[in-house]
2 protein chains.
Amino acid sequence: MKITIIGLGLLGGSIGLKLRAQGHEVLGIDAKEAHEQEALRLGLVDEIVSFTEGVKRCDVCFLAIPIHHIEKTLGKVLDLLDSQQVVTDTGSTKESIAQAVKKHPNRARYVAGHPLAGTEFSGPAAAFPSLFEGKKNLLCDIHLSDKEAVETIIRLNEEMGMESVFMESSKHDKHLAYVSHLSHVSSFMLGLTVLDIEQDEQQIFNLAGTGFGSTVRLAKSAPATWAPIFDRNKKHLSDALGEYIEHLVAFKRYIDSGDMEAQKAAMTRANEIKRILK
Amino acid sequence: MKITIIGLGLLGGSIGLKLRAQGHEVLGIDAKEAHEQEALRLGLVDEIVSFTEGVKRCDVCFLAIPIHHIEKTLGKVLDLLDSQQVVTDTGSTKESIAQAVKKHPNRARYVAGHPLAGTEFSGPAAAFPSLFEGKKNLLCDIHLSDKEAVETIIRLNEEMGMESVFMESSKHDKHLAYVSHLSHVSSFMLGLTVLDIEQDEQQIFNLAGTGFGSTVRLAKSAPATWAPIFDRNKKHLSDALGEYIEHLVAFKRYIDSGDMEAQKAAMTRANEIKRILK
């Protein structure tokens, strides 16, 4: 199969590596020429092409760029596609993208995707072929896509080691606000809090590998990636953040008043998270 | 050397495994008989003994029990020690323990320790010998301890693979509020927030291995361990939590007002955490 990947960063680059290893031909496009050259050198793609050529020549096109760019680019890809070609994406929110193309005559050739995979690193050099192994790709609103287009993406997900999970865009965005975006905000703000105190304290150790290291790991993530995600999901994320802040304020009150029983009760309830982290 | 370990959970058990492997004889004591039997069966200790026998027979005694028990038990250990023996501990806060024994005539035989090591698991079965490898043991107020007692603990730290770091108790507690206790509260409250939403949502995936998985991992920690730590460090932890909440409230405001530039600026500042997570 001929695959075109638009956006050769962590996600796009890893798709390229894996699908090339599976025997597909991979064409690549990136807004930065330096990334294109790096992608070629690292073997993420077979060839660098222009936007029009890449879209015209492929069987399946992946949009692996920030969501505000997906919103602008997806319609242009659909303009060029014929009825055999498919386009999918890796956008971390799905409602705004769905809105952007809902009246496009070729809408049915688009399969909305969101691979639940990533690291705190970005760029072509961060790509690795097993990134998607054992992960899930959340395919949204598949009733709006042609059946064989969906089947093509499910097959490619399998080749990348991903299970396909189906949901509505609106539910996707609410859900992700809680299980992903909130964690990122939480980590970024933890990072800020500790950096503040560090100004007064000489001695901050190397904290990699500690409990702090794992909770703050996401604070290394790229602001340029996350600001648009937070913005596109602002309603749900604001709700999630509001609830999180309420829990923190209550727990601070238990600490201030020395109510260890209330602290234990809250932590015991939180322990149930074990069910979800199998 | 003859080592007595009081408290045969994750920390005490791991100390036992490692020091036995290094050729020391290890005596063990636990408040729960089931833990004592399990520790024997798992080879964490050579022998189970009574409190008085354990303290009398050892060269070095480790207190690896919750801090409120250390506060009560440390004086009793010091009562029994002669001028050749040493006692140390693994308590996660240090000021309240320092207060508890500051007038004890044998105070100089105590070396206050805090190994920066742990997992979200507890009990004898969670112990493993490499727990301390590459970690730090924070030794506090060493000017209050006999020099050769400190040297003995530094040597044992080396045998367990730990670097010894020196600081004042008061500074220790403030520091730990930011780099450890706050992370735990943050994780516990994230867990609660997501569990709340789950009540309305059927579909929560297996989130182990995702960004959420790492930020919420500490929410699996034992409430009985952490409530006393939070309580003993309430002043510093309350300050840290207050600052954290302020950062979250500000960030929520940037999201609500759609101020992506302010979001990016805050995240870019948080990215500096890379310096600390080498």
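Note on naming: letters A, B, ... go to the chains in the order of the sequence lines (proteins, then strands), and numbering restarts at 1 for each one. Quantities reported herein were computed from a predicted structural model and do not represent experimental measurements.
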Pairs of heavy atoms under 4.5 Å with chain B: top-ranked of [options]:
options: A:Leu190, A:Leu218, A:Leu241; answer: A:Leu190
options: A:Ala250, A:Pro228, A:Ser238, A:Ala117; answer: A:Ser238
options: A:Ala222, A:Ser187, A:Ala270; answer: A:Ala270
options: A:Ala265, A:Gly258, A:Ser180; answer: A:Gly258

Query - A:Ser257 portion near chain B, given a 4.5 angstrom heavy-atom threshold - result: backbone
Requested in this report: Indicate yes or no: at least one non-hydrogen side-chain atom of B:Ser186 is less than 4.5 angstrom from one of A:Tyr244.
Outcome: yes
Query raised in the report: Are A:Gln263 and B:Pro223 side-chain neighbours, meaning at least one heavy-atom pair lies under 4.5 Å?
Result: no
Query - Exam field: side chain B:Asn271 to backbone A:Ser221, donor-acceptor pair closer than 3.5 Å - result: yes
Requested in this report: Examine whether an atom of B:Ala240 lies under 4.5 Å from a heavy atom of chain A, and if so say whether it belongs to the side chain, the backbone or both; otherwise answer neither.
Outcome: backbone
Report task. Using non-hydrogen atoms and a 4.5 Å limit, figure out which bit of B:Leu237 sits close to chain A: side chain, backbone, both or neither. Result -> side chain
Report task. Please step through salt bridge (charged side-chain N to carboxylate O under 4.0 Å, His left out) for the pair A:Asp231 and B:Lys264, ending with a clear verdict. Result -> CA-CA 11 Å; A:Asp231 190 61; B:Lys264 279 188 209 162; over 6 Å; no
Distance from [X] atom [atom1] to [Y] atom [atom2], nearest 0.5 Å?
X: B:Lys235; Y: A:Asp256; atom1: NZ; atom2: CG; result: 10.0 Å
X: A:Met260; Y: B:Lys234; atom1: CE; atom2: NZ; result: 10.0 Å
X: B:Lys174; Y: A:Ile197; atom1: NZ; atom2: CD1; result: 4.0 Å
X: A:Phe188; Y: B:Ile273; atom1: CZ; atom2: CD1; result: 11.5 Å

